[in-house]
Amino acid sequence: MKEFKLDLSFIKTIFQNLLNTLQIALGEFMSMLNSDSIYQTEGGTLPRDAPTYVEREADGQLYQFARSLTGNSRVCFVLAPRQTGKTSLMVRTANCLSEENLVCVRINIHELGGIEERQLWFSLLSEICRQVPLPEVNLPQQLEEVWNRQPDLAPALRFKNFLIKEILEKIAAEKLVIFIDEIQDLVDLNLQNVFIGFIRSLSDQKNEPRLNKVAFVLLGVAKPSDLMTSSSYALNLGDRIELGRLTPEACKPLRPGLEKVTTAPARTLERILYWTGGQPFLTQIVCHLVATGNNIEDGAQIETHVDALVTQKIIIDWRRQDRQSHLQEIENWFTKVESSRKSEKLKTLRLYREILTQSPIDFRQNDPRHWDLLISGLVAKDDGQLQVANQIYAQVFDRNWINKTETLLEDNMPEPFSTIYDRDVFMLIDQSASMRLKDADTGNQTRYGYLEEVIMGHLFTILSEQNKENNVIKKICDEVTVYFFSSKRNIEGPHLVKDAMRVRSLFLENPPRMKTFIAPTLEKCIDTWLQTGKPANRGAFFIIYTDGLFDDEGEFMECISKTCEKIDGHKEVTFLVLGLGQEIDKEKFLELDFNTNKALPFKVLVFDLVNEIEEEIIKCLQRQLKDDPADESVVPEWVKREFPGFVEKLKKVRSQNA
């Protein structure tokens, strides 16, 4: 007969599981008895008289901005993640101001629908007219009558004129405050540059006293870089208000709801904030869970009680228990993106891993990854440092989640920079005095005149080149940034060109000058791309038109070398030098092109002749994207004719490297 051994650990596990089940059942029973609470768990805007509204420093800041009659700024931004109280702050502030002889208008961009630019200004005015109290005038009717009187006037100017003459001049209130919520929809509609540019123009008009009576408050889930994608504008036109966390000192309005289950509501709330980090929506949720659960009989068990509720009701199986898709929306911020943005999200996730597993990092204003994490809600900024926003996020969005999300993003992700499309294009045009010369390459024209026609053709080709793939049209770019280079100190540009015909006026406005200093202008272009294009996962083409050697050749090479240190491969950038004239040192540039002397870490420079490529500018740009850009099969025909010795040298270099 076999000896029977009792497995005590197995029985202990069964007993513990049974006890946990009973505790959960008891908690659900108590929740039925205490199903009502003062906390808002369905998301959305808190009513004005909500007993659980918690004021933050942002409340006072927004009130002071809107109330001020002497401030220099007419616009304020409140940019923050979902469910952090932006709209509740707006509603509460607007109600307070309305009681103090101010007129407040609240507009939700989402409610305007899929409008176009020509409809934007009328739609905004229509909402303003509907909400501004002016008993003696039917403003909506007045708008209908006035709007089309000057059809040739730009809609933005019609907006400004109507706002000043028909509203600001006639309202008795001290000030009109226009709150515009969900401004991220402007990004989806591609109207952000137009709208923000207009707001800036209003802010700059210091000599128009009537505009002192209006202020704009813009709220939404957006990064500053999302709102200003055009280099024509800068997002430095107004105040920014950070919402911040809920602090223990300010959370007294949350205590009364906890008093029916605990005699120590302050300590209980302190433990709740330990988990939520003061995130408004999560704090309301956990307070509700505690207030509708079991009584906490022993103060010593507060931490255990709250910890168990958070773990069982939020963290475990979070996808099923997620209220208002709060956690899911954070995940979607990283995963529900276009293919072109997946590489950007991977970089942001790697930074989040560093913060999660190591320590907080210093916030850098110009780093788009920092803003991406902030607006996702995953991290918060405290004392100038980024750290995981709360313990719930740290438990849900852990290293395992990061690994799975990275894998999801990497699957079937197209190779970045594999095509010429979605690039920043910079044209740098030699403006030195020698461009006035004529030679065999240019016939009866000066080099400058010859170049004007060539560049016009190149611009037309680049701006019109497109490819349709999976019903998505891809373009190289929508505008080309043009600079003229000559002076060592004065940079001539940028000129943003969307129409190739503008070339004629640019050449008239920028005649040839003296020397050929290129480095300052090239450095400016590179910095622009590194700050805006590269973080958005756009490659760059720097197309340089020149008729000879540069007066700052060393600085020119240093610019390119430093750029190579900031990229991951040769496909990210191309420096295309197009030569014109008899003096240019062709063989020297060919050495740089095929990098035979290893002067550059990556082969990023392409050299060709203006009068050889004719209409084949696209082929020149594509040549750099080969997996092996040093392949002699891409050597131009004119090089094979004029420099057979160079071709033989290139073959030897390649055989040595094989």
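Each residue takes its place number in the sequence, starting with 1. Quantities reported herein were computed from a predicted structural model and do not represent experimental measurements.
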Practice prompt. Kindly give the heavy-atom pair with the smallest separation between V217 and L62, and that separation in Å.
Written response: CG1-CD1, 3.8 Å
Discussion item. Is a donor from one side chain sitting under 3.5 angstrom from an acceptor on the other, for N366 and Q531?
Written reply: no
Fill in: Residue pair K342 / V337, side-chain heavy-atom distance below 4.5 Å
yes
Item to complete: Look at the rings of F363 and W371 and say which category their plane angle falls in: under 30° parallel, 30 to 60° tilted, over 60° perpendicular.
Response: perpendicular
Worksheet item: Any side-chain donor paired with an acceptor under 3.5 Å for E331 and Q328?
Response: yes
Worksheet item: Is it the case that more than 12 heavy atoms not belonging to E406 sit under 6.0 Å from its CD atom?
Response: yes
Worksheet, complete the sentence: Between C76 and I241 the two heavy atoms that sit nearest each other are SG-CD1, 3.5 Å
Fill in: Residue pair L243 / A80: nearest heavy atoms and the distance that separates them
CD1-CB, 3.7 Å
Practice prompt. Could you tell me whether Q324 atom CD has more than 12 heavy atoms of other residues or ligands within 6.0 Å of it?
Written response: yes
Discussion item. Taking CD in Q365 as the centre, count heavy atoms belonging to other residues, nucleotides or ligands within less than 6.0 Å. Is the count above 12?
Written reply: yes
Item to complete: Verify side-chain contact (heavy atoms from CB on, under 4.5 Å) between E465 and I420, making sure each step is shown before the conclusion.
Response: CA-CA 10 Å; E465 174 69 18; I420 61 174; 4.2 Å; yes
Worksheet item: In Å and rounded to the nearest 0.5 Å, what is the CZ to OG1 distance from R106 to T87?
Response: 9.0 Å
Discussion item. What's the separation between atom CG in L189 and atom CD in Q119, rounded to the nearest 0.5 Å?
Written reply: 10.0 Å
Practice prompt. Give a yes or no on whether R399 atom CZ has more than 12 heavy-atom contacts from other residues, nucleotides or ligands under 6.0 Å away.
Written response: no
Worksheet item: Can you check side-chain contact (heavy atoms from CB on, under 4.5 Å) on W333 and E329, steps first, answer last?
Response: CA-CA 6 Å; W333 181 265; E329 286 296 329; over 6 Å; no
Worksheet item: With a 4.5 Å heavy-atom cut-off, do L351 and D372 have their side chains touching?
Response: no
Practice prompt. Answer yes or no: is there a donor N or O on one side and an acceptor on the other, between the side chain of S126 and the main chain of S123, under 3.5 Å?
Written response: no
Worksheet, complete the sentence: Tested for salt bridge (charged side-chain N to carboxylate O under 4.0 Å, His left out) against E344, the lone hit among K223, R538, K534 is K223
Worksheet item: Which distance, rounded to the nearest 0.5 Å, do you find between the OG1 of T41 and the NE2 of H288?
Response: 5.0 Å
Worksheet item: Can any side-chain N or O of Q83 pair as donor or acceptor with the backbone N or O of Q279 at less than 3.5 Å?
Response: no
Practice prompt. Name the orientation class of the two ring planes belonging to Y352 and W401 (parallel below 30°, tilted from 30 to 60°, perpendicular beyond 60°).
Written response: perpendicular
Practice prompt. Would you give the length of the straight line joining atom CD1 of I107 to atom CG of L218, rounded to the nearest 0.5 angstrom?
Written response: 10.5 Å
Item to complete: Test Q192 against D226 for side-chain hydrogen bond (donor to acceptor under 3.5 Å, both in side chains), laying out the working first.
Response: CA-CA 8 Å; Q192 70 275 33; D226 291 334; over 6 Å; no
Practice prompt. Compare all side-chain heavy atoms of F575 with those of T563 and state whether any distance is below 4.5 angstrom.
Written response: yes
Discussion item. On a heavy-atom basis, which atom in A222 and which in L227 lie closest, and how many Å separate them?
Written reply: CB-CD2, 4.1 Å
Practice prompt. Given side-chain contact (heavy atoms from CB on, under 4.5 Å), test K313 with I285 step by step and report yes or no.
Written response: CA-CA 10 Å; K313 296 292 186 179; I285 291 295; over 6 Å; no
Worksheet item: Can you tell me if D59 uses its side chain to pair, donor with acceptor, with the backbone of R56 under 3.5 Å?
Response: yes
Worksheet item: With a 4.5 Å heavy-atom cut-off, do F602 and V573 have their side chains touching?
Response: no
Discussion item. Nearest 0.5 angstrom please: L269 CG to C251 SG, how far?
Written reply: 5.0 Å
Worksheet entry | Under 3.5 Å donor-acceptor, R48 side chain and R92 backbone | no
Practice prompt. Taking all heavy atoms of T52 and all of Q284, pick out the closest pair and write down the distance.
Written response: OG1-NE2, 3.2 Å
Worksheet entry | CD/Q622: more than 12 non-hydrogen atoms of other groups inside 6.0 Å | yes
Worksheet item: Which class fits the ring pair F195 and W121: parallel under 30°, tilted 30 to 60°, perpendicular over 60°?
Response: parallel
Discussion item. Strictly distance-based, threshold 3.5 Å: is any side-chain N or O of R271 a donor or acceptor partner for the main-chain N or O of V306?
Written reply: no
Worksheet item: When you measure from the side chain of R245 to the backbone N and O of K381, does any donor-acceptor pair fall under 3.5 Å?
Response: no
Discussion item. Side chains of F334 and L378, heavy atoms from C-beta outward: is any pair under 4.5 Å?
Written reply: yes
Discussion item. Taking NZ in K347 as the centre, count heavy atoms belonging to other residues, nucleotides or ligands within less than 6.0 Å. Is the count above 12?
Written reply: yes
Response to the item:
Heavy-atom closest pair (K475 atom, D478 atom, distance to 0.1 Å) is NZ-OD1, 3.5 Å
Practice prompt. Working to the nearest 0.5 Å, report the span between OG1 of T45 and CG of D181.
Written response: 7.5 Å
Worksheet item: Just wondering, do T419 and N467 contact through their side chains at under 4.5 Å, heavy atoms?
Response: no
Fill in: Residue D383 excluded, over 12 heavy atoms near CG under 6.0 Å
no
Worksheet item: Among side-chain atoms of Q184 and E182, is any donor-acceptor pair under 3.5 angstrom?
Response: yes
Discussion item. I462 vs C477, test: side-chain contact (heavy atoms from CB on, under 4.5 Å). Steps then yes/no.
Written reply: CA-CA 8 Å; I462 290 170; C477 61; 4.0 Å; yes
Fill in: 4.5 Å side-chain heavy-atom contact, W529 and E572
yes
Discussion item. Any non-hydrogen side-chain atom of L254 less than 4.5 Å from a side-chain atom of Y39?
Written reply: yes
